[in-house]
Amino acid sequence: MTYQVLARKWRPSNFTEVVGQDHVVKSLMNALQHNRLHHAYLFTGTRGVGKTTIARILAKAMNCENLQDFNPCGLCSVCKAVNEGSFLDLIEVDGASRTKVEDTRDLLDNAQYAPNHGRYKVYIIDEVHMLSGHSFNALLKTLEEPPPHVKFLLATTDPHKIPVTVLSRCLQLNLKQLLPTQIYSQMAFILEQEAIEFDVASLKLLSRAADGSMRDGLSLLDQAIVFGNGKVTTADVSAMLGTIALQPVTELLDALAEYDAVAILDKINEIANLTPDYSGLLQEMLIALHRIALLQQIPTAIDHEFDSDELIALSVKFSPEDVQLFYQIGLVGQRDLDLAPDPRSGFEMVMLRMLLFKPEAQQKVSDKPIKVQSMSPKVIPAVVVNEQVPVTAIVVNDEASKAEINASGANDWLSMIVAMKLTGPLREFANNCALESIDNNLCTLIIDPSHIRRARAEEALQKALQAYCGNAVKLVFKEKKNTLATPALLLTKEREDRQQAAIDAINADLNIQALKEHFDARILPGTIEPI
Ligand SMILES: Nc1ncnc2c1ncn2[C@@H]1O[C@H](COP(=O)(O)OP(=O)(O)OP(=O)(O)O)[C@@H](O)[C@H]1O
Ligand SMILES: [Mg+2]
Ligand SMILES: [Zn+2]
């Protein structure tokens, strides 16, 4: 016995078996009920959504000898003949293979004769958009005023290619793409009837991959059965489709919600052994995030039965802002994935970026020190996040701060003090003087009158200066209220600046802010110190 593909074997034979398309089915059944059949129907819609199927059911219903609730009975001679393809009054034409005007003329010549057996002669012209312009013209007249015993059922995926003159003579019925849930249910039904084992996740994958087309879905299902040697499993279907099941995606998102970097990397490791399609994985991640966002905003927009409980659980773990942010990071990540050194590291980076930008991140690690980037280039705070321990900001780069003072030119005197290698009280004394002028043999320093003059210190400074200049330099002190900045003032100012920078850095730190917000933490006064 030859194997018949599922799509053909399970083609609906009456209106009740048609999945979805309720609007169309209903209006056709109404027309049958009230005997208001149009003389020409045009079924439009994408591939594999039931155009040909519904046209055949309608043809059968128009001639059935024993309609059951406006459904063809399936038992009378007409129904049987149509099912077997031997009903003389049903003329099926494939527009794609019979495009020539002669074909159409032959067809229409035949239309004038009364039906052989049934009430109506029904012409199904499939893929009608493929007919030539002349064929359409030949068709027009009959389509306008067909003999009462003639019905036309046209079908096309591409109504735009049909002349308006034809369109306006038909009653157009547009079939919808099928929802993944509808495809899923049909697949599950068929597999149960066929007694083929399957798991739920695999059918979900397949029904999404069908992309709205029942025929595509059933063809994929055929493939999966062959691939899985008579069974349909998630692993096989993932491998076959090159897509990733939802499960690792939800596990990754779970780890993200838990702010668990280790779990994320472990999971990626695990996935690396299975299916190395990171672009597909990211795609699934985006689809999941989209559905989570929908769930959060418009719960009714989601089919709860179809969308796994995992997504529903995840939707309460993330804030809507988080989801938007992750989606954006994922989108950008997808664009850049090809640029990454290798897809895996690219994917890892996307996940880590999500982790980094997750605002609640700090909650989970309050017992660990957090390394943070400083706002100011000079100040790198190393933060110990513990209320008991003083918060310490380390100011590094001392060289740079000195250079800045020198560069500022505010006080050459300071650099001279440094160059003279002054230490102890002498340095302190020098620091409290300001340089007014210096040339080859005279150096004038200004000293504040409130400072006590110390002869020994002045002498020692004279010597050091001489050694520094390499010639006899006379050192003169002028007492006046200081208008120049002394190194001491400068250092005080710098210390204050450093302190302020440390305080600012701590206050601006997002981790600290989050700790304050979530744990009511406060910084003990006087515990911030630059090092
Ligand atoms: N609405 C539906 N309900 C149940 N099965 C369907 C439906 N639509 C399509 N199928 C399945 O897909 C197969 C193909 O459907 P059909 O030939 O009616 O599609 P079509 O819309 O005419 O596609 P095409 O544009 O490719 O001709 C059917 O044999 C049936 O198994
Ligand atoms: Mg078709
Ligand atoms: Zn019948």
Side-chain angles (χ1 to χ4, degrees), residues 4-26 28-29 32 41-87 89-90 92-97 117-120 122 124-130 153-162 172-191 193-194 206-207 210-222:
Q4 197 179 12
V5 296
L6 293 176
R8 281 191 60 193
K9 185 168 175 189
W10 292 94
R11 187 192 284 280
S13 61
N14 61 45
F15 289 125
T16 326
E17 287 172 14
V18 172
V19 177
Q21 320 302 5
D22 296 348
H23 59 303
V24 170
V25 167
K26 204 167 160 216
L28 291 177
M29 289 172 97
L32 284 163
Y41 287 95
L42 172 65
F43 298 100
T44 56
T46 52
R47 71 211 186 282
V49 293
K51 300 181 294 294
T52 308
T53 304
I54 292 176
R56 285 197 192 154
I57 297 172
L58 179 60
K60 213 159 33 173
M62 283 168 166
N63 284 305
C64 176
E65 289 161 357
N66 189 16
L67 271 186
Q68 301 287 313
D69 290 334
F70 317 106
N71 242 334
C73 71
L75 298 171
C76 69
S77 59
V78 171
C79 286
K80 281 187 176 152
V82 172
N83 288 345
E84 286 161 11
S86 60
F87 186 61
D89 296 322
L90 175 60
E92 266 198 72
V93 188
D94 181 5
S97 59
H117 187 84
R119 255 163 290 171
Y120 300 105
V122 185
I124 296 182
I125 310 181
D126 224 338
E127 312 294 345
V128 63
H129 64 271
M130 300 291 276
L153 308 181
L154 315 181
T156 180
T157 45
D158 217 343
H160 305 291
K161 292 193 185 143
I162 298 178
Q172 187 172 337
L173 295 173
N174 189 29
L175 303 194
K176 292 181 187 161
Q177 285 211 321
L178 293 156
L179 298 171
T181 34
Q182 294 172 325
I183 298 177
Y184 174 90
S185 312
Q186 180 75 347
M187 284 180 175
F189 169 76
I190 291 176
L191 289 180
Q193 300 297 310
E194 299 272 343
L206 286 170
S207 51
D211 199 17
S213 163
M214 186 68 87
R215 188 196 300 102
D216 287 6
L218 296 183
S219 305
L220 286 172
L221 189 56
D222 272 321

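We use all heavy atoms of the structure for the numbers below, so side chains are in, but hydrogens, waters and symmetry mates are not. When a ligand or atom number is given, it counts from 1 through the structure's own listing order. Counting begins at 1 with the first residue of the sequence.
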Measure the spacing between [atom1] of [X] and [atom2] of [Y] and express it to the nearest 0.5 Å.
X	Y	atom1	atom2	result
I183	L221	CD1	CG	11.0 Å
N83	R11	CG	CZ	11.0 Å
T157	L175	OG1	CG	11.5 Å
R119	E65	CZ	CD	8.0 Å
Q21	F15	CD	CZ	12.0 Å
L173	L28	CG	CG	5.5 Å

When you measure from the side chain of D22 to the backbone of V25, do you find a donor-acceptor pair of N or O atoms at a distance under 3.5 Å?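 Such a contact is absent between D22 side chain and V25 backbone.
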Main-chain N/O of G118 paired with D89 side-chain donor or acceptor, under 3.5 Å: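 Yes.
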Note the single closest protein heavy atom to [atom], along with its residue, its atom name and the distance in Å.
atom	result
atom 14 (C) of ligand 1	R215 NE, 3.6 Å
atom 16 (P) of ligand 1	T53 OG1, 3.4 Å
atom 4 (C) of ligand 1	P12 CG, 3.4 Å
atom 17 (O) of ligand 1	R11 NH1, 3.1 Å
atom 11 (C) of ligand 1	M214 CG, 3.6 Å
atom 22 (O) of ligand 1	T52 OG1, 2.7 Å
atom 25 (O) of ligand 1	K51 NZ, 2.6 Å

Within-cut-off N or O pair, [X] and ligand 1, under 3.5 Å:
X	result
Q21	no
V19	yes
L178	no
G48	yes
G50	yes
T157	no

Check each of S219, S213, A7 against atom 31 (O) of ligand 1 and report the one with the nearest heavy atom.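 Closest candidate by heavy-atom distance is A7.
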For ligand 1, which atoms, with element, lie under 4.0 Å from some heavy atom of [X]?
X	value
L218	31 (O)
V18	1 (N), 3 (N)
W10	31 (O)
E127	27 (O)

Establish, from distance only, whether the side-chain atoms of S213 and R47 form a donor-acceptor pair under 3.5 Å.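 The answer is no; no qualifying pair exists.
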Hey, does D94 have a side-chain heavy atom less than 4.5 Å from the side chain of E127?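 Contact flag for E127/D94 side chains = yes.
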Measure the shortest side-chain to side-chain distance between L218 and V5 over non-hydrogen atoms and say whether it is less than 4.5 angstrom.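 Sidechains of V5 and L218: no contact.
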Can you tell me if an N/O/S atom from T53 lies under 2.8 Å from the Mg ion (ligand 2)?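 No.
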Can you check side-chain contact (heavy atoms from CB on, under 4.5 Å) on L6 and E194, steps first, answer last? CA-CA 10 Å; L6 293 176; E194 299 272 343; 4.0 Å; yes
Rounded to 10°, how many degrees is the angle SG/C79-the Zn ion (ligand 3)-SG/C64?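 That angle is 110°.
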